[in-house]
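Let me begin by presenting the structure, written as structure tokens, before commenting on it.
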Amino acid sequence: MNVIRLESSEDTPKIILDAANNLFEISGRSIPEDSAAFYKPILEWIDSYATKPNAKTNFVFNLEYFNTSSSKLILDILTKLEALHQRNHDMLITWCYREDDEDMQDAGEEYSELVQIPFELRVIS
Amino acid sequence: MKYIYELHKIMLSKKLILVYEGEFTQENTKVVLSMAENNMEKIGEENNIKRKVFNVMVECLQNICKHADEYKKVVTEEVEDHPAIFMIGKGDDGYVVASGNAMLSDKVEALKDKLHHINSLDKEGLKIFYKEIITKGSMNERGGAGLGLIDMARKSGQKLEFDFEKIDTKYSFFSLQTKISNIPQTTQN
């Protein structure tokens, strides 16, 4: 599987999608105007990964901000991961948030209510 | 020459710290966001407030990018110019994020209904509405998810204040104001 490794920019997050090293992470800020265009290759990568996944997958979200355009795409990512989990795949979503960031904590809780996947809400300093 | 002083006095009286008037693209909104962010860093603003203000700004600016565009196309065909305006104010009790842009008058009623609906909802109601739109709604052709106004209401914890003024027979000016309080909110229903 190819690796997606994108450095963060002013308005897009850092992405690591590396099946060989078991690393699946989206971190930083996601505020692109056209999030559909940005996240398209990520969604396609997940589709491809789902045909031959690792024994288990821990997908990590560690976001500082995300705009509403991204929020829809994040749900799309989680929905694809949910489909894989529903085929008995061992999946865990880790949603990180800073201790004083109630909004990010709430967002994680809401996503965990919208999809049927084990969710871990993790406080980071 | 007096207009310079007049504008300066208005900005001071409304406690405006940043005003941008002109064309709104992803590129220049990044500049505005960066300026506002640096400003809040310099004055040592509390993290939670910084984040809320930033989130509201992003949604407000990106709304203009997405929706003012539509009117620009129609407008330039008629050789008119309707740029938009964005501003941030800072008072003792918090921030105000405000914007204004031209829009087609026949879209006003639908927008008014949406804003009234959002304002009628409490915290729980907004959460339900947000979840409804994010799961059932689809992206429009400009990359919008239809969630911007709801998110602004949620993050600020306040009602969205708005106004419509007729510009001419075809266009109206839509003004939107969101307040972000820096006074710790007690748990609201």
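All values derive from a computational prediction rather than experimental measurement. Below, read A as the first sequence line, B as the second, and so on, with proteins coming before strands; counting in each chain starts at 1.
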Q: Return the option, out of B/Ile150, B/Asn55, B/Thr29, with the maximum number of heavy-atom pairs under 4.5 Å with chain A.
A: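 Among the listed options, the one with the most contacts to chain A is B/Asn55.
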
Does atom [atom1] of [X] have more than 12 heavy-atom neighbours, drawn from other residues, nucleotides or ligands, at distances under 6.0 Å?
X	atom1	result
B/Asp92	CG	no
A/Met1	CE	yes
A/Glu120	CD	yes
B/Glu165	CD	no
A/Asn88	CG	no
A/Lys56	NZ	no
A/Lys14	NZ	no

Please check this pair: side chain of [X] against backbone of [Y], looking for a donor-acceptor N/O pair closer than 3.5 Å.
X	Y	value
B/Glu59	A/Thr68	yes
A/Lys72	B/Ile133	no
B/Gln62	A/Ile31	yes

Below 4.5 Å from any heavy atom of chain A, which atoms of [X] appear? Answer side chain, backbone, both or neither.
X	result
B/Leu33	side chain
B/Glu27	neither
B/Gln26	both

Q. Can you find a pair of side-chain heavy atoms, one from A/Arg29 and one from B/Phe54, that are under 4.5 Å apart?
A.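 Of all side-chain heavy-atom pairs linking B/Phe54 with A/Arg29, at least one is under 4.5 Å.
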
Q. Are B/Lys127 and A/Glu113 side-chain neighbours, meaning at least one heavy-atom pair lies under 4.5 Å?
A.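 When only atoms from C-beta onward are counted, A/Glu113 and B/Lys127 do touch, with a gap below 4.5 Å.
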
Q. A/Phe38 versus chain B, heavy atoms under 4.5 Å apart: side chain, backbone, both or neither?
A.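 Neither; nothing under 4.5 Å.
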
Q. Any ion pair linking A/Asp103 and B/Lys155 (charged N to carboxylate O, less than 4.0 Å)?
A.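 Looking at A/Asp103 together with B/Lys155, the answer is no, because their closest N to O distance does not fall below 4.0 Å.
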
Q.
Could you walk me through whether B/Arg51 and A/Met104 satisfy the side-chain contact (heavy atoms from CB on, under 4.5 Å) test, starting with their C-alpha distance in whole Å, then the side-chain angles of each, then the deciding distance to 0.1 Å, before giving a yes or no?
A. CA-CA 10 Å; B/Arg51 273 193 286 264; A/Met104 194 55 75; over 6 Å; no

